[in-house]
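Heads up: the structure comes next, in structure tokens.
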Amino acid sequence: MSVIIQIIQGDITALSVDAIVNAANNTLLGGGGVDGAIHLVAGPELLQECAALQGCDTGDARITGGYKLPAKHVIHTVGPVWQDGRHGEPDLLASAYHRCFEIAHQHNLKSIAFPAVSSGVYGYPMRESVVIALSSAKEAISMYQELERIIFVQFSEAAQQIYLEAASRLGV
Ligand code: APR
């Protein structure tokens, strides 16, 4: 079955998929941006489960329930804070995406939605982070046969355009 890759503009908390990915921080105790939006919709039980996980390293990921979200699960990942691209940021961001796909595979999840991890507060230039995001999706499709749907959700139309342009360049 060929995998559907979608690039949409919208609010990731509204998606009814097996897992939405949260752009979290190392404490996993919530924050602003997409992290704040996910916790707001999911409700306090999400924070309780996150607190029990006792944090997450940059480049790693953890899975929880979705609670009041339409998504069944949340995969919390921590992307790198952008400095200048010469402090391991590309590898750490790639690792974050790979770990999300690996955890989805371990839980036999078939549909997963990603925000632009690290490209908000953490300052990772979206024209660079999008290449890592889409490349990791291509690699995951070749590794994990159960995948049916990958959605990249952008909050703004400008961000969606960046994703669409990169997707056509990369043949995604
Ligand atoms: N749906 C989809 N995308 C969203 C949403 C949403 N509801 N809210 C924000 N975004 C987008 C932002 O516009 C940005 O493009 O998600 C992308 C990631 O931005 P951030 O949420 O700021 O994440 P990040 O850059 O990885 O910074 C993580 O921010 O919220 C804190 O606790 C979080 O400390 C951590 C840091």
Side-chain angles (χ1 to χ4, degrees), residues 5-44 46-64 66-85 87-101 103 111-134 136-137 149-167:
I5 295 184
Q6 291 174 291
I7 293 170
I8 65 172
Q9 183 190 353
D11 178 352
I12 199 167
T13 64
L15 296 182
S16 179
V17 288
D18 286 348
I20 59 172
V21 171
N22 180 21
N25 59 57
N26 296 116
T27 69
L28 293 185
L29 297 180
V34 72
D35 195 2
I38 287 174
H39 278 275
L40 188 65
V41 174
L46 177 61
L47 185 58
Q48 283 167 10
E49 185 174 0
C50 285
L53 295 174
Q54 300 195 328
C56 179
D57 290 339
T58 301
D60 199 357
R62 292 280 185 281
I63 190 169
T64 65
Y67 300 103
K68 293 188 174 64
L69 288 159
K72 295 192 188 79
H73 297 277
V74 182
I75 296 177
H76 308 261
T77 195
V78 182
V81 175
W82 177 260
Q83 298 179 62
D84 56 12
H87 288 75
E89 300 98 316
D91 288 345
L92 283 168
L93 187 61
S95 169
Y97 277 98
H98 292 156
R99 279 291 293 140
C100 290
F101 279 116
I103 288 172
S111 55
I112 183 169
F114 290 88
V117 177
S118 277
S119 284
V121 165
Y122 279 4
Y124 207 117
M126 194 172 284
R127 292 186 190 288
E128 300 192 30
S129 70
V130 64
V131 176
I132 292 173
L134 296 178
S136 68
R149 193 169 165 220
I150 302 170
I151 308 172
F152 292 100
V153 195
Q154 304 320 311
F155 221 24
S156 71
E157 190 175 340
Q160 185 197 20
Q161 279 311 312
I162 290 173
Y163 267 72
L164 289 168
E165 283 157 18

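All ligand and atom numbering here is 1-based and tracks the order in the structure.
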Using distance only, find each side-chain donor-acceptor pair of residues 13-22 under 3.5 Å and give its atom names and separation, not counting sequence neighbours.
from	atom 1	to	atom 2	distance (Å)
Thr13	OG1	Asp11	OD1	2.8
Thr13	OG1	Asp11	OD2	2.9
Asp18	OD1	Lys72	NZ	2.8
Asp18	OD2	Lys110	N	2.7
Asp18	OD2	Ser111	N	3.3
Asn22	OD1	Asp35	N	3.4
Asn22	ND2	Asp35	OD1	2.8
Asn22	ND2	His76	ND1	3.2

If you round to the nearest 0.5 Å, how far is CG of Asp60 from NE2 of His98?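 One gets 13.5 Å once the value is rounded to the nearest 0.5 Å.
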Nearest-neighbour protein heavy atom for atom 7 (N) of ligand 1, which is reported as residue plus atom name and distance: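 The protein heavy atom lying closest is Asp11 OD1, 3.0 Å.
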Atom 21 (O) of ligand 1 [closest protein heavy-atom partner, distance rounded to 0.1 Å]: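 Residue, atom and distance for the closest contact: Val34 N, 2.8 Å.
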Selected option - heavy-atom contact closest to [atom], from [options]:
| atom | options | result |
| --- | --- | --- |
| atom 36 (C) of ligand 1 | Phe152, Phe155, Tyr124, Tyr122 | Tyr122 |
| atom 16 (O) of ligand 1 | Pro115, Gly31, Gly10 | Pro115 |
| atom 33 (C) of ligand 1 | Val41, Leu93, Thr13, Asp35 | Asp35 |

With nothing but distance in play, are any N or O atoms of [X] less than 3.5 Å from an N or O of ligand 1?
| X | answer |
| --- | --- |
| Val121 | yes |
| Ser118 | yes |
| Gly123 | no |
| Ala24 | no |

Just jot down the ligand 1 atoms closer than 4.0 angstrom to any heavy atom of [X], in number order.
| X | value |
| --- | --- |
| Ala23 | 23 (O), 26 (O), 28 (C), 33 (C) |
| Ala116 | 15 (O), 17 (C), 18 (C) |
| Met126 | 15 (O) |
| Gly32 | 30 (O), 31 (C) |

Is [X] near ligand 1, meaning one of its heavy atoms is under 4.0 Å from it?
| X | result |
| --- | --- |
| Gly30 | yes |
| Ala159 | no |
| Gly79 | no |

Give a yes or no on whether the backbone of Ile132 and the side-chain of Ser136 come within a donor-acceptor separation of less than 3.5 Å.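 Looks like yes, one N/O pair under 3.5 Å.
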Do side-chain atoms of Glu89 reach the backbone of Gly85 as a donor and acceptor pair under 3.5 angstrom?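 Yes: the side chain of Glu89 pairs with the backbone of Gly85.
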Report the residues that fulfil side chain to side chain contact (heavy atoms under 4.5 Å, CB included) with Asn26, sequence neighbours left out, ordered by chain and then residue number.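 Partners of Asn26 under the side chain to side chain contact (heavy atoms under 4.5 Å, CB included) test: Thr58, Val78.
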Would a 4.5 Å heavy-atom cut-off, applied to side chains only, mark [X] and [Y] as touching?
| X | Y | answer |
| --- | --- | --- |
| Phe101 | Ile150 | yes |
| Val117 | Tyr122 | no |
| Val130 | Phe152 | no |

Under 3.5 Å, is there a donor-acceptor pair between the Ser129 and Ser118 side chains?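 Side chains of Ser129 and Ser118: no pair found under 3.5 Å.
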Going through the distances and angles, do Val74 and Arg62 end up as a side-chain contact (heavy atoms from CB on, under 4.5 Å)? CA-CA 8 Å; Val74 182; Arg62 292 280 185 281; over 6 Å; no
Sub-4.0 Å protein heavy atom next to atom 28 (C) of ligand 1: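 Yes, at least one protein heavy atom sits under 4.0 Å from atom 28 (C) of ligand 1.
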Is it the side chain, the backbone, both or neither of Ala37 that has a heavy atom closer than 4.0 Å to ligand 1?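 Just the side chain.
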